[in-house]
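Okay, so here's the structure we're looking at.
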Amino acid sequence: MQTVTVNLGERSYPIELGEGILSRVGEIMKARGINGRVGIVSNPPVAELYGDRVRESLEAAGYDTATVLIPEGEAHKNTASLGLIYDALVEHRFDRSATLIALGGGVIGDVTGFAAATFLRGIGYVQLPTTLLAQVDASVGGKTAVNHEHGKNLIGAFHQPRLVVIDLDTLRTLPRREYAAGMAEVIKYGIIEDAAFFVFLEQEMDALLRIDANAVEHAVATSCRIKARVVEQDERETDRRAILNFGHTIGHALEAFTGYERFLHGEAVAVGMIQAAALSAGQGLCSAAELRRIEALVRRADLPWRIPDDIALEDLIAGMALDKKSHAGKIKFVLCEGIGGTRFQWFSPEEIVRELASGL
Ligand code: NAD
Ligand code: GLY
């Protein structure tokens with residue numbers, strides 16, 4: 001087991017990471033000084049796999065627990081699911097000393113975190129992420145949200161968890177496609193912050209794809225460490241934290257354009273990262289060889305890597321100027337400076353189409 005700390009003054013918390021540690025979550029929470037009743041939030045398939053293990057560990061440590069299940073899937077990351085959680089908390093007379101536990105992927109983590117941010121004006125919560133994407137990204141950094149029918153994550157809050165417990169064994173039951181999608185975010189950390197980590201991923205991608213324990217532990221711990229350092233520098237994304245959006249601008253556009261049905265988030269980010277690297281190469285910020293290495297690694301991770309032929313770049317980019325992060329018709333793009341660095345640059349949608357079309 002190893003610990004990565006997110007240093008945010010009084011909101012600091014540890015990320016405990018290892019194999020099989022879900023069955024120790026009760027003692028880990030006790031050691032962290034978490035008392036009071038515990039509400040476990042999950043969805044039916046994840047609860048079926050891991051619910052008993054978590055509940056038994058909590059009860060063995062003396063916690064009084066209640067479980068709330070919300071339906072599976074991004075379509076249920078909404079206020080109706082929040083309502084289910086609030087109803088259960090009220091029914092079980094939870095008070096401000098209570099703690100919520102998010103047992104599942106990023107959807108469960110985001111909804112549970114927002115419920116914790118708002119119930120009784122804020123109670124504590126613990127993340128038990130069970131997807132690779134949630135382990136390396138969604139469970140760390142305190143962004144919580146639910147979707148509105150007119151947009152993703154439109155209703156949310158910054159609310160840091162009190163503890164994150166990552167059981168790497170849970171990745172063994174994750175569908176391959178979900179695992180690969182999480183790997184896109186792992187690759188992202190290498191590109192934006194850590195050239196040596198990128199080389200590690202190049203060398204160990206086969207081991208990572210067969211879920212080799214040592215390789216996975218190093219990849220997840222390093223990813224969490226990089227995300228923690230960025231969040232520490234800019235918790236509320238006034239500036240630097242936006243580097244974590246590398247590949248996400250075109251990725252989001254691809255997800256939205258295809259109705260959130262054709263691509264998983266990480267898959268769309270994989271395509272977006274290659275486009276962002278191409279844009280960076282066009283600006284002279286990264287070499288053709290570095291662009292090729294990024295593309296090769298994404299492809300080796302079993303991820304999609306280019307915009308499908310049936311989608312015109314113009315159509316894809318058109319919605320971007322309307323994006324909530326655009327300003328005066330321009331979009332703040334995260335570019336990579338070689339492998340291991342970033343820079344922000346503003347582009348209009350037309351400039352993006354022109355730059356990418358000329359380089360492809
Ligand atoms: P997800 O939560 O939908 O989980 C993917 C699927 O895997 C689900 O069907 C789930 O039931 C299943 N599953 C989860 N763990 C499993 C396991 N161990 N074994 C078998 N099946 C398992 O998807 P995700 O990719 O984890 O998260 C995506 C969400 O995370 C999006 O809503 C996104 O907005 C959010 N997100 C948030 C942040 C943040 O900073 N808060 C960052 C990135 C993404
Ligand atoms: N997923 C980007 C962030 O947490 O800021």
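The shown structure was predicted, so the numbers you read here are calculated from the model rather than taken from an experiment. Note that ligands are numbered from 1 as they come in the structure, with each ligand's atoms numbered from 1 the same way.
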Partner of Arg240 by salt bridge (charged side-chain N to carboxylate O under 4.0 Å, His left out), out of Glu235, Glu193, Glu232:
Glu193

Would you kindly confirm whether Leu49 and Leu168 end up in one hydrophobic cluster when ILVMFWY residues are joined by side chain heavy atoms under 4.5 Å apart?
no

Side-chain donor or acceptor of Arg53 paired with backbone N/O of Leu22 under 3.5 Å:
no

Around ligand 2, what residues show up once you keep those with a heavy atom under 4.0 Å from it?
Asp137, Lys143, Lys227, Glu237, Arg241, Leu244

Distances only, to 0.1 Å: what are the N or O pairs between ligand 1 and the protein that fall under 3.5 Å?
residue  : atom   : partner : partner atom : Å
ligand 1 : 2 (O)  : Gly106  : N            : 3.1
ligand 1 : 2 (O)  : Val107  : N            : 3.0
ligand 1 : 9 (O)  : Glu72   : OE2          : 2.4
ligand 1 : 11 (O) : Asn43   : ND2          : 3.0
ligand 1 : 11 (O) : Glu72   : OE2          : 2.8
ligand 1 : 15 (N) : Thr130  : O            : 3.3
ligand 1 : 15 (N) : Thr130  : OG1          : 2.7
ligand 1 : 18 (N) : Thr130  : O            : 3.0
ligand 1 : 18 (N) : Thr170  : O            : 3.0
ligand 1 : 18 (N) : Thr173  : OG1          : 3.3
ligand 1 : 19 (N) : Thr173  : O            : 3.3
ligand 1 : 19 (N) : Thr173  : OG1          : 2.7
ligand 1 : 26 (O) : Gly106  : N            : 2.8
ligand 1 : 26 (O) : Thr131  : OG1          : 2.6
ligand 1 : 27 (O) : Gly106  : N            : 3.1
ligand 1 : 32 (O) : Glu74   : OE1          : 2.6
ligand 1 : 32 (O) : Glu74   : OE2          : 3.3
ligand 1 : 32 (O) : Lys77   : NZ           : 2.8
ligand 1 : 34 (O) : Lys77   : NZ           : 2.9
ligand 1 : 34 (O) : Lys152  : NZ           : 3.3
ligand 1 : 41 (N) : Asp110  : OD1          : 2.9
ligand 1 : 41 (N) : Lys143  : O            : 2.8

Find out whether the Lys NZ or Arg CZ of Lys188 is both under 6.0 angstrom from the six-membered ring centre of Phe246 and within 45° of the ring's axis.
no

Could you tell me whether Arg37 and Asp95 make a salt bridge, using a distance below 4.0 angstrom between a side-chain N and a carboxylate O?
no

Is the backbone of Arg241 close enough, under 3.5 Å, to the side chain of Asp234 for a donor and an acceptor to pair up by distance?
yes

Students often mix this up, so state it plainly: with edges at 30° and 60°, are the rings of Tyr125 and His159 parallel, tilted or perpendicular?
parallel

Do Lys30 and Tyr63 meet the cation-pi criteria used here (NZ or CZ under 6.0 Å from the six-membered ring centre, within 45° of the axis)?
yes

Any carboxylate oxygen within less than 4.0 angstrom of a Lys/Arg side-chain nitrogen, looking at Arg176 and Asp302?
no

